[in-house]
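Predicted model only: the values in this text are computed from it and were never measured. Chain identifiers are assigned alphabetically (A, B, ...) following the order of the sequence lines, protein sequences preceding nucleic acid strands; residue numbering begins at 1 within each chain.
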Amino acid sequence: MNAVRLTENFFTRDVLTVAPELIGKVLVRQFPDGKAIKTIITEVEAYKGIDDLACHASKGKTPRNEVMFMNGGLIYVYLIYGMYWMLNFVTATPENPQAVLIRGIHDCSGPGRLTRKLEIDKSFYGENLCLSDRIWVEDFGLSLSYSKSARIGVDYAGPFWAKVPWRFFAEETVVEKIVNSVNFPTMLG
DNA sequence: GGGACGATTGAA
DNA sequence: TCAATCGTCCCA
């Protein structure tokens with residue numbers, strides 16, 4: 001299987017283009033002890049700039065979200081409910097503060113669960129996915145069909161923004177089928 | 001300085 | 001249905 005690491009030009013596009021294209025891409029986490037996890041991204045959500053009332057950037061630039069106001073390809077991490085780190089990929093360009101929330105990977109559903117498994121915390125804030133030696137994304141040429149739905153847990157944003165179908169996810173059966181057909185390991189490492 | 005709240009999760 | 005748990009942000 002040939003794999004190509006995603007570069008800046010992948011991430012500096014609109015979030016509604018980048019988010020669905022991340023389904024089927026492979027997230028790589030390299031640990032200090034030499035071990036690694038390579039896992040297929042199966043669920044994401046798009047947060048689209050200052051107009052999107054569910055997007056943190058709609059509240060204006062703050063110390064917490066300032067990385068969203070930088071270039072695509074950086075990582076935005078924040079703590080939610082005092083317990084869970086949320087992993088986001090910044091997209092587009094500084095004048096367009098957007099991000100993709102990574103909500104699910106193969107064999108690990110849930111944004112808080114996957115950051116625990118991948119040992120991702122505040123120290124990853126601002127990490128560059130195109131340069132980092134501990135986290136990046138690869139294209140293995142896998143193609144997964146995906147479904148859309150409203151985003152999860154954003155009712156506070158009001159009926160319009162809570163309902164836009166900006167959650168993208170591959171059905172469980174689709175993921176299993178691809179994993180089996182290409183003999184992609186559950187967790188390479 | 002005080003208080004409300006959250007892009008969640010796991011247990012009752 | 002509900003508690004856990006704390007950084008962030010707004011108001012005074």
Side-chain angles (χ1 to χ4, degrees), chain A residues 10-25 27 29 37 39-94 96-127 129 135 137 144 146-172 175 187:
Chain A
F10 178 91
F11 296 101
T12 53
R13 299 173 296 160
D14 188 86
V15 72
L16 292 181
T17 301
V18 175
E21 285 190 24
L22 280 171
I23 301 297
K25 296 294 188 292
L27 180 59
R29 172 77 170 96
I37 289 177
T39 180
I40 299 172
I41 296 171
T42 58
E43 179 184 352
V44 301
E45 280 176 358
Y47 288 86
K48 188 177 162 63
I50 58 174
D51 296 328
D52 176 3
L53 296 185
C55 179
H56 291 168
S58 69
K59 312 298 183 206
K61 190 172 169 181
T62 70
R64 179 177 71 150
N65 69 17
E66 64 181 351
V67 72
M68 289 181 81
F69 293 78
M70 298 175 78
N71 215 34
L74 301 183
I75 285 181
Y76 171 38
V77 173
Y78 66 91
L79 185 67
I80 192 68
Y81 299 113
M83 280 177 275
Y84 303 105
W85 296 103
M86 299 288 103
L87 172 64
N88 297 257
F89 299 163
V90 175
T91 69
T93 46
N96 218 344
Q98 313 175 335
V100 177
L101 170 66
I102 308 302
R103 289 192 60 90
I105 55 180
H106 181 230
D107 278 357
C108 186
S109 177
R113 293 199 194 111
L114 71 88
T115 52
R116 243 184 350 197
K117 175 169 272 189
L118 298 177
E119 297 178 31
I120 289 165
D121 60 18
K122 185 78 175 176
S123 76
F124 282 77
Y125 188 93
E127 190 91 353
L129 284 163
I135 186 170
V137 184
L144 274 70
Y146 60 86
S147 304
K148 301 182 205 178
S149 80
R151 294 170 295 182
I152 308 293
V154 294
D155 286 347
Y156 64 84
F160 180 82
W161 295 107
K163 285 177 183 167
V164 290
W166 290 352
R167 169 177 174 249
F168 306 90
F169 60 101
E171 306 283 356
E172 186 71 25
V175 177
M187 289 283 175

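Phosphate contact (OP1/OP2 of C:dT8, side-chain N/O of A:K122, threshold under 4.0 Å): present. Contact annotation: A:Y156 side-chain N/O to B:dA7 OP1/OP2 distance is under 4.0 Å. Dashed line: the shortest gap from a side-chain N or O of A:R167 to OP1 or OP2 of B:dA7 is not under 4.0 Å. When the side-chain nitrogen and oxygen atoms of A:R64 are compared with OP1 and OP2 of C:dC10, none of them lie within a distance under 4.0 Å. Close to B:dG10, at under 4.0 Å from its OP1 or OP2, lies a side-chain N or O of A:R113.
What separates CD1 of A:I152 from P of B:dG6 is a distance of 16 Å, to the nearest Å. Following rounding to the nearest Å, A:Q98 (CD) and B:dA7 (P) show an atom-to-atom distance of 18 Å. In this structure, A:L79 places its CG atom 12 Å from C1' of C:dA4, rounding to the nearest Å. Residue A:K59 contributes atom NZ, which lies 18 Å from atom P of B:dA4 at whole-angstrom precision. The nearest whole Å value for the distance from the CG atom in A:N65 to the C1' atom in C:dG7 is 14 Å. Rounded to an integer number of Å, the gap from A:Y84 OH to C:dA3 C1' is 11 Å. Atoms NE2 (A:H56) and P (B:dG6) sit 10 Å apart, rounded to a whole Å. Per the geometry, NZ belonging to A:K61 stands 17 Å off C1' belonging to C:dT8, to the nearest Å.
Across all strands shown, A:M83 has heavy atoms under 4.0 Å from base atoms, whether or not it also approaches the sugar-phosphate.
Applying the side chain to side chain contact (heavy atoms under 4.5 Å, CB included) test between A:V175 and each of A:T42, A:I105, A:D107 identifies A:T42 as the sole match.
For the pair A:V154 and A:R116, nearest-nucleotide mapping onto DNA chain B gives the more 5' position to A:V154.
With contacts defined as side-chain heavy-atom distances shorter than 4.5 Å, the pair A:V67/A:Y125 qualifies. By the 4.5 Å heavy-atom criterion applied to side chains, A:P111 and A:Y84 are not counted as neighbours.
Using Watson-Crick or G-U wobble geometry with both donor-acceptor distances under 3.5 Å, C:dT5 finds no partner in any strand shown.
Side-chain N or O atoms of A:R13 include one that pairs as donor or acceptor with a backbone N or O of A:F10 at under 3.5 Å. A distance-only check finds no donor-acceptor pair linking the side chain of A:R103 to the backbone of A:E45 [under 3.5 Å].
By the criterion of a centre-to-centre distance under 5.5 Å and near-parallel planes under 30°, the ring of A:Y81 forms a stack with the base of B:dT8.
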